[in-house]
Structure formats: C-alpha cells, structure tokens
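Reckoned from all heavy atoms, side chains included, excluding hydrogens, waters and symmetry mates. Below, chains carry the letters A, B, ... as their sequence lines are ordered, and counting in each starts from 1.
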Amino acid sequence: MKYNFNEIEAKWQEYWAKNQTFKASNTSEEAKYYVLDMFPYPSGAGLHVGHPLGYIASDIYARYKRHKGFNVLHPQGYDSFGLPAEQYAIQTGQHPAVTTENNIKRYREQLDKIGFSFDWSREVRTSNPDYYKWTQWIFIQFFESWYDKEQDKSLAISELEEIFSVEGNKRVKAACDEDIEEFTAEEWSTFTSEEKQKILLKYRLTYLAETEVNWCPQLGTVLANDEIVNGVSERGGYPVVRKKMTQWSMRISAFAERLLQDLDKIDWTESLKESQRNWIGKSVGAMVEFPILSFPKGEEKADSEKAPSSGAGGIRVFTTRPDTIFGVTFMTLAPEHELVQKITTPEQKEEVDAYIAASAKRSERERMADVKTISGVFTGAYAEHPFTKEPVPIWIGDYVLAGYGTGAVMAVPCGDQRDYDFAKHYDLPINNIFENADISEEAFSGKEGTVIANSDFLSGLKYKEALQKVILELEKTGHGYGKTNYRLRDAVFSRQRYWGEPFPVYYVKGMPQMISAEHLPLTLPEVEKYLPTETGEPPLGNSTEWAWDTVNNVIVPNQEIDEETIFRLELNTMPGWAGSSWYLFRYMDPHNEETFVSKEAQEYWQNVDLYIGGSEHATGHLLYSRFWTKFLKDRGYLSVEEPFKKLINQGMILGTSAFSFKLGNTIEVYDRNSLSFQGKTGESKSKKELFENVTDDLNTVKDKYKKAFITKIDISDKPIFISRKNMEESQDEPGQCENALSHLFDEEIQSRIQNKEFTIRYHPYSVHTDVSLINDSNQLDIDGFKKSRPEYYNAMFIGEEGNFIDGNNDTYIVRREVEKMSKSKYNVVNPDDICENYGADTLRMYEMFLGPLEQAKPWNTAGITGVHNFLKKLWKLYHNGEEFQVSEEKASADSLKTLHKTIKKVTEDIENFSFNTSVSTFMICVNELSVQNCNQREVLEPLAVLIAPYAPHIAEELWAKLGHSDSIVTAEYPVYEEKFLVESTKNYPVSFNGKMRFTMELPLDLSKEEIENTVLADERTKDQLSGKAPKKVIVVPGKIVNLVI
RNA sequence: GCUCGAGUGGCGGAAUUGGUAGACGCGCUGGAUUCAAAAUCCAGUGACUUCGGUCGUGUGGGUUCGAUUCCCACCUCGAGUACCA
C-alpha cells in the first residue's frame, strides 16, 4: 500500500480539528507545561518555509511533553495591529481590519496544513476589541501607579497622594521626572486639583511629557529606539530625525536594575542576555558638579558685562572615572545642552550659534556615520574645578550626546581617547595623571592596577581606592555623589498611527483623564483617510466621532465637545509592542470578560516554560514583556516576576537569490554538478576547477555585477527574472518588485519599467529541475530547453549556480547569494508547495534535519528527498507489499536493541533541543530495522509513538492501523530499558602513538592486564612493534588501547 | 572599535567529563531493474599514494600516551552594538 501522504494528512488534520484533540484544560491533576511561539504578524505575503521552523520545534516539544503526561498549553494567535496593514490602507483605502482578517485566514490555512498541535480555542488577536480592552486596562494601571525606589516596587498612586497629604514629597524616593520641586503637606493641601494632577503626572509610570523623540517624517510617526536600525526606521528604512513632542512614555527606566539582575534567573542564551545587558547599559560612577565661573581668574569685568550665570549653580556631569578628576583640562557640553545659551560669552555667541545650527541640521544618521570628524566650539565660559579651584574652559562638541547622562562631560584627555583627540585637535592641555603611562600617542585607558599620580589627595592610590576616596570626598564637599547610570531610556508609548490600540484617555483643560475601566473597550473609530490631518494631527484626527461624553460614558461626535462634560479623546494610538507585552497571560484565560486573566488560571499556568522565536526581538518585545510582567506582579495581578523561563532563538532560514549575467565572450566550461539534471554524461568539473578557469571573468563580474547586468541584459527578449505565475503585487509593499530590482537597471530601462513596458516577474527557487538540458547530440542546448520548458529555463537561471553556454556561444554566469528570505528578493519558498509535493511530515522533519535549531542555515529544496524517502521506508516497515502487516511474535534481540538505542538517543536529543540529530537517529533506526526485516508490534508500536511528535500524521495513521481507536496523542511515551543494550564485548581500537591501526573484539569483563596481554600477543601488534618492546601501554577498559613506542 | 558566537569532505552537518574524525542526508560514481526514463534496490565516495602507507577538523605554538575537544597567540566569517563619558 502506497504512502499517500496527502490523503493521510488531510484526514488527521480534520480529525484533530473535529475532536479538539489539543484543547488544554485549566483544571488538571497533571503537571502543567506551557510552550509558546512568538505569535506572528499576519502579513500579506503569507508564510514562507522560514516561518514555521520555530513552530515545528515547539510543536515537537509540546507533543513530546503530552506523551510524557504533562498538561500542555500550546496556543497560537496573531499580533494583528501594525504598520504594513495601515500602509496598505493608505495606498488602497481598504480598511486594515479587512486586510488583516484576510491575511489571518490565509495564515491559518497555511498553519493548519503543517499539522501543528495548537489549541485554537484560545486564539488571541491584538486588534480584537475583546483583547485590546485589556491592553487599555493595563495602560490605566500604569497611569494609576508610581515607583517607590525604597521598596523597589510599583505602588498605587493613591498611596503617594496619601504620603503627600501627610508629609509632602521631601522623603519620597520615587522614579520620577527630575524637575520636581519640594513641597510640604501644608503646601500640598493648598494646591488646586489641577496643580496636584500636574505633579502626580511626573510620578506616574506612564506619563505625558514633552520629550525629544525619534520622528520619522515618511511614516508620519515617532519610533522607539529599538525600532530604529542604523539611524533609519526598521520598517521601510526611512530617515529619522530628533524632534520635541508631547508624548506618552512608559517609565521602564525605573525597572532597569531589576531587569538587569533578573536576567540571571532565566534560562536564555548568553548572547541574548548580553544584548539586553548592553541595552540597559548600566554604568557605575559619580555625578559631579562643576560651578560655573563667569570669567576666568584675573579677567574680572564690570557686572553688566558678565555672562549670566546658571541658576542651576553649575554643570552636572556623569563620569565612570571620577578617580581621574585631576586630569580634567576642559569640559564639553552637547550642543543641545540647556546651559549653552546662558553661559556663552558675547564674543563667542556668533560662533556658538552657527555651530548649534549646523549640528541641528545634521540628521542622526549623518552624525553617526561621521564619527571621525572632530568638531566643537569654545563657549568663552569657564567652570571651576571642584578640588583645584582652577578655571576649566567649557566647550561644546557634538561628540557629546544630549541623550546620555547629563549631556555634558568632564574631559580627561589623558584617560579618554575622544577627549584626547579633541584636545589635540584644538590644542588644549593634556595633563598626565597616571604613573608610568605613555600618553604621547594616545590616551591611557587602563583601569586595574593603574596608579594615580599628580592628583593631590589621590596620588599614589590604585584605581579602586582612588575611586572610593574621591566619591567620599565629593560627597563631603557637596560637589557630587556616587551614582549609577543606565542607558535604558523611558519608552515612548504614543504613535501617530491609525491601526493600533486607542488610548482610554480624554483631555480636560490639557490634563489627561482616564476613562474608567468598566467602559472599555474604547473602540477604534472609522476614518475617511488613514493619513495625518492637514493640520498635522494623527489619523484619528480625521474622525468626526472622537469625543467622550463623561455623563453617559459613550463616544459622541466631535461637534458636541463643550469642555464641560464632553471632551476630546486622545488622537495617538499605542505602539506595536503594547499588545505583545502581555499576550502570554491572555492565552491562559482568553475568554474571561471580568479580568485580563483570572488568578486561578494564572496561578495554574504560571508563566511560559519554553518560548521560541527570533532574536530580532531581543531589545524590543522581550524587554517590554519582562517590564510589564514585573509591573503587573508588583501590583498584585500576577504571581510571577518573569514571563519566559526558557527561551530559544531559532535561526533564520535563508533564501537563495540568484543573479544571471550574459557575457559576450565565451568561456568553454560548464559545471554539470550545479545543474541537477541527470542521466546523460557530460564534461564534469569540480567547482574549484571551474572557478580557477574563469577567475578573470568572475572577478570582473563580481566587482561590477551591477554594470554587467545592466549592459548585457537583453530586455527585449524578456527579463531574466521570470515566473510561472505573474508577480503578485505585494500587499505589504506595493511596487516592491520594481523597487527591489531598480538598482540593477540604468535610468532608461527603469523608466521603461515604470511605463509598464516590461513586466518584471519573480520565481521562487523551489522548482524541480528535472528536465534535461542536453540535446540528442550531447550538447548543452539552452535554446531548445528554453522553448520547450520556458518556466524551468528561467528557474534554472534563478536557482542554480554555474556557467552556461547556449547555442549562440553566449555564456551565462549565474551566481547565488544567500540572504534572508523576503518577497522583495524573490527567494521565497512556500511551505504549501512542499506540503503538496512531499507532505507536512516531510516538511517538519526536513526543517529539523537542516541543522541546529539556533543556527542560521540556507534552504535547499533538493535535499528534501532524503527525508521523504525515510518516511516511505518507515511506512514500508509496517507493510508487506500492499498489505498492512505487523507480527505479534517476539521481536529479535537486535530489533529490541535498535529500538531502545533509539528511544535513549531521541529522548536525550529532544530534551537538549537537538532535533537535527534525532532525525538522523530515526533514519538509522529505520535503516537497521529494514535490514533486520523487523515487523513485530513489540518494536513498531513504540516506534510510532516515538516519531509522533516529529511526523504526527503518519504516526496517527500507523497507530490506527495498529488497532487503536483513540489518537496517538494520548499514548504513553516508550520507556528506555538498559537491559536491551547490554554488551558483552567491545571492539577496541588499538592505537600506536595515538594513531589507530586496527580494532580487536574483546570481552568487556577482561581486566586491564588481560587486555594488555591479549593485545600484545596479537600478530598485528607484533608487526607494528617490529620486534621492539613498547615503552608504555595505556589501557582504558571499555574505551581504547594505546601503545607508545 | 567593543561584545558574543562560529570555522570539520563537493554541500547541510555528526562526534567534545580528551579516547576509532567525517554519523545521517544530499550530491556524485558504478551496478541491478527498464525499450527508455522516473521510482526502487545494491556497492563505492576526505585528500594524496610507489597500495606499504602518508596527510587531514581556519593558522602557528603548547599541555598530553592520545587534542576537532584543553591552554596561548593570530587569521577569517557571522550576529549584536556603536562617540555611553
């Protein structure tokens, strides 16, 4: 009977859906296990073979845990708010909800075809009002909270009001805005409610503040730091500029230390923890204040001419090296620093203003790209050194960032390379304060063991001692104090977009008010256009019904706004990471209308035991999610401190893009290996030879491939990139196809493409090149092939690397590039095609077989036949020709040994997430059982269970044929028994000077001496020794024998 | 620049409390079967070789009876991060 995978898979997928096989219960006596995938954003492009990799791994683990008797929660859902659907809406006018719905449908179809054991009854969608109701609710909780640094915990804002009314704010140690003035309880009681609200806002864990944000004009929105890559937006690659705007922010910085410390408690990869550590960026040092001198000593001028001195009393700097304070020879402020205007002397004003204007014009990106150019201006002002009381000149320079620390540095050129370069460039003094350090060429940055010199009371002290002493001294004299600084900034939480969660906020006299929780969700209004309004308001400003009636608690038309009972609602929406920060908890209790997750459900499921997803979320989702979990724990809504106990990053599956070049000159060589046609003989050359022979041309082509492509491509004869089907306009990024290719063409061709004179098409790599390229006279016949199989002809050029000569003696060179799979690169392989041609079980096992889960690896459809053949072989074990047949007799010792060896290895592999090696183990097992002609139930039944997590469809089918009426999912996992593997002999490798020469089969119960004697008595040993006595004989029983000559 | 990770056949990759390097699969070669192909099955497949062997896990050293595995130095590639004071 044939292995009819299409039929089997459809049958069991239907069975699982109908019987709700994977529905998890919240009340169970069994131990729980929570396996979660990062839920996908449902893009218009659908899934490619790279997406399911992590899902397959987690699915195998979930199914394995079920066999092991765990109550497994393995849900799936959609992160369905986001930019692409909105961009598409802007371009086409289609409502994002509609496209999102369609995309989800398509995703679901694709996912179902792969046979995942998701509990779909728990599906969540972040864009669903039933879901974002709770996202809004959590936002309100943030608003109603403040952070007490003494308890290191978030508390209710009402407790803070309580404290204020009793003792004012003097003793409150809160994570809050820095510009808060002290007040007493009496003063608090005299404040108007408005003034109180204003003050409280500075303490809330989500707050409204004018902050400098990353503004992306093309996307029309602000972006968080982790949404910017290399100074451009992660999505779309548009420039980002700094801009001051009033925005909602989340006070994540309050949690910096906990987020850092708790990394030690979770089982994540070291590299991921490391990137979070870098992102949090803790540095320990001191805050030092340098008083401002209006003018240097001895240059006193009349009062009227004095530069205004700063009200703040001085320049505050943060430094990690306060021990080098005697090496300070100047100070540098960021051009944006607020003191700059106040301290600049009239003589320097013009120059300073010009510099500020110039650096403001430079985009973030330019500033980053241009690290080497040293620039700065003297302000004319001086500060006073806190210890020497010497005047220190104050400069401004754009190597100092406004956003880090205080936006000012004390420059120690002898110890910091940037200060050193700056000092050299502007001819500022460099004082050496290190013993035995050469600073003639560069700064000295040593720490441990360094001895400080020329530094008054610090001289002669080592780095660590000096550090302690100087901080003590600073605190004593009131010039500074020890301080820990974090790079982690508060997260901007507003987006000027339509397709996101609306804030449950309305404004009364400019002060934000929360809509009370019982009136949630505040649903997204309809708008005519998804673009910003003409006055520059976010898209929600286009809605004519976006006002809040505080009497009836309903949304009402804007014209009813009276600022008495009816107020304007917030126009911003929440960022993409809002919904994804807490979704793991919603799966535990997805239909609860009373709360975001019930206490019972959360306490049963706790948190995620195993989380699988991409490492690109290292500093975004994974950090925010930890932040929200800690917050909700503080406020008593959760019992766990961390969302994800163990995390695995699956590596990316890379696609292959190819470039073809047609050259005018002829290269008389082709590589038949690279064309996977078979049968006829042809000239065969190794890749190495091939590359050697065409070195010159290749180098030319590689260096100038764009040019070669442009000059040689014959566009009238159809473009090189051709497909079986027309390029579908990508829903995410229309026009993407042309854009992606445009750099390959010259202007004339580009314009012709734009005029639609040519259609550019693409082809996925997954075509089977099963047609011969060789004609009857044993010649490479590209023209003939092209005519008979145009679709394969082009696929060949896209998919295969090599050199080709056609009938006109024109040579084509095809080179591949391995890169991220993406629709815009035309290198996408669709899992549906694989399921159609080979089956889901083959796809699942092949993806696992490709290599270690965490490693990036290129996709190559060619290798899939190996796995497919393995499944056919497995099927054959249970069949005798056409008939299903298993024997009830006892299995042979060999077969039992094979089985138990497999149980042992596969179980170990699953526990270690080494899925690639377990697939080989299955192959070895089936190969051995085939040779043994094993068809006993005693072996084949446990084998079916063993493989069920990997290839669930075939396992179910075989399980049913074995006579079971219930699903294999309920079957117990086979138990490994040592007794079947006990060996009596060992095939010892016998080495001479560490080199293995031959092997000897010896009983395992021999003593060391017996082994040694037997080996020495052997003829082959005597040959090796050629009469001499060995200097030494090493015998490791059960392992090896080594003789030293 | 800094941090982390990795370098093994034609390819994807196995093997590390130090103990037979290259499991398993792809590709390739030869054979069986076939009118022919596909599919399937069998055998072979690291390099060199005077068929005795010799060399071989990025490079150069070291420790050891024995090193892909441990130590030192270097090279290359990948990922993250970047004027962080």
Below 4.0 Å: OP1/OP2 of B:G5 and any side-chain N or O of A:Thr269: no
Rounded distance (Å) that lies between atom P of B:U81 and atom CD of A:Glu616: 11 Å
Report each atom pair, protein N/O against N/O of nucleotides 18-26 of chain B, whose distance is under 3.5 angstrom.
{"residue": "B:G25", "atom": "OP1", "partner": "A:Asn927", "partner atom": "ND2", "Å": "3.2"}

Side chain of A:Leu401 (C-beta onward), nearest among B:A82, B:C55, B:C84: B:C84
Spacing between A:Phe422 atom CZ and B:A85 atom C1', to the nearest angstrom: 14 Å
Aromatic ring pairing A:Tyr3/A:Trp875, orientation class (parallel under 30°, perpendicular over 60°, tilted between): tilted
Whole-angstrom distance between B:G58 and B:G7, as gauged at atom P: 8 Å
Under 3.5 Å, which donor-acceptor pairs do the side chains of residues 845-853 of chain A form with other protein atoms, sequence neighbours left out?
{"residue": "A:Tyr846", "atom": "OH", "partner": "A:Asn860", "partner atom": "O", "Å": "2.6"}
{"residue": "A:Glu847", "atom": "OE1", "partner": "A:Leu53", "partner atom": "N", "Å": "3.4"}

Spacing of the C1' atoms in B:G13 and B:U29 (rounded, Å): 22 Å
Contact under 4.0 Å: A:Arg277 side-chain N or O vs B:C4 OP1/OP2: no
Pairwise P distance for B:A6 and B:U16, with rounding to whole Å: 15 Å
Partners meeting side chain to side chain donor-acceptor pair (under 3.5 Å) with A:Arg997 (sequence neighbours left out): none
Residues in salt bridge (Lys or Arg N to Asp or Glu O under 4.0 Å) contact with A:Lys986, at least two apart in sequence or another chain: none
Separation of the P atoms in B:A67 and B:A21, to the nearest angstrom: 11 Å
Salt bridge (Lys or Arg N to Asp or Glu O under 4.0 Å) partners of residues 399-423 of chain A, not counting sequence neighbours, each pair once: A:Asp416-A:Arg418
Consecutive Watson-Crick or G-U pairs in runs of at least 3, all under 3.5 Å, in which RNA chain B is involved: B:1-7 with B:75-81, B:10-12 with B:24-26, B:27-32 with B:40-45, B:46-48 with B:53-55, B:58-62 with B:70-74
Check residues 323-335 of chain A and write down every donor-acceptor pair under 3.5 Å in which the side-chain atom is one partner and the other belongs to a residue at least two apart or another chain.
{"residue": "A:Asp323", "atom": "OD1", "partner": "A:Arg321", "partner atom": "NE", "Å": "3.1"}
{"residue": "A:Asp323", "atom": "OD2", "partner": "A:Arg321", "partner atom": "NE", "Å": "3.4"}
{"residue": "A:Asp323", "atom": "OD2", "partner": "A:Arg321", "partner atom": "NH2", "Å": "3.0"}
{"residue": "A:Thr324", "atom": "OG1", "partner": "A:Arg321", "partner atom": "O", "Å": "2.7"}
{"residue": "A:Thr329", "atom": "OG1", "partner": "A:Pro429", "partner atom": "O", "Å": "2.9"}
{"residue": "A:Thr332", "atom": "OG1", "partner": "A:Tyr399", "partner atom": "OH", "Å": "3.2"}

Straight-line distance of A:Asn1042 CG to A:Asn993 CG, nearest 0.5 Å: 7.0 Å
Sequence neighbours excluded, every pair satisfying salt bridge (Lys or Arg N to Asp or Glu O under 4.0 Å) that has a member inside residues 279-288 of chain A: A:Glu257-A:Lys282
Along RNA chain B (nearest heavy atom to each residue), the more 5'-positioned of A:Gln855 and A:Arg997: A:Gln855
Inter-nucleotide C1' distance (B:G66, B:A79), Å rounded: 36 Å
Residues in side chain to side chain donor-acceptor pair (under 3.5 Å) contact with A:Gln276, at least two apart in sequence or another chain: A:Arg626
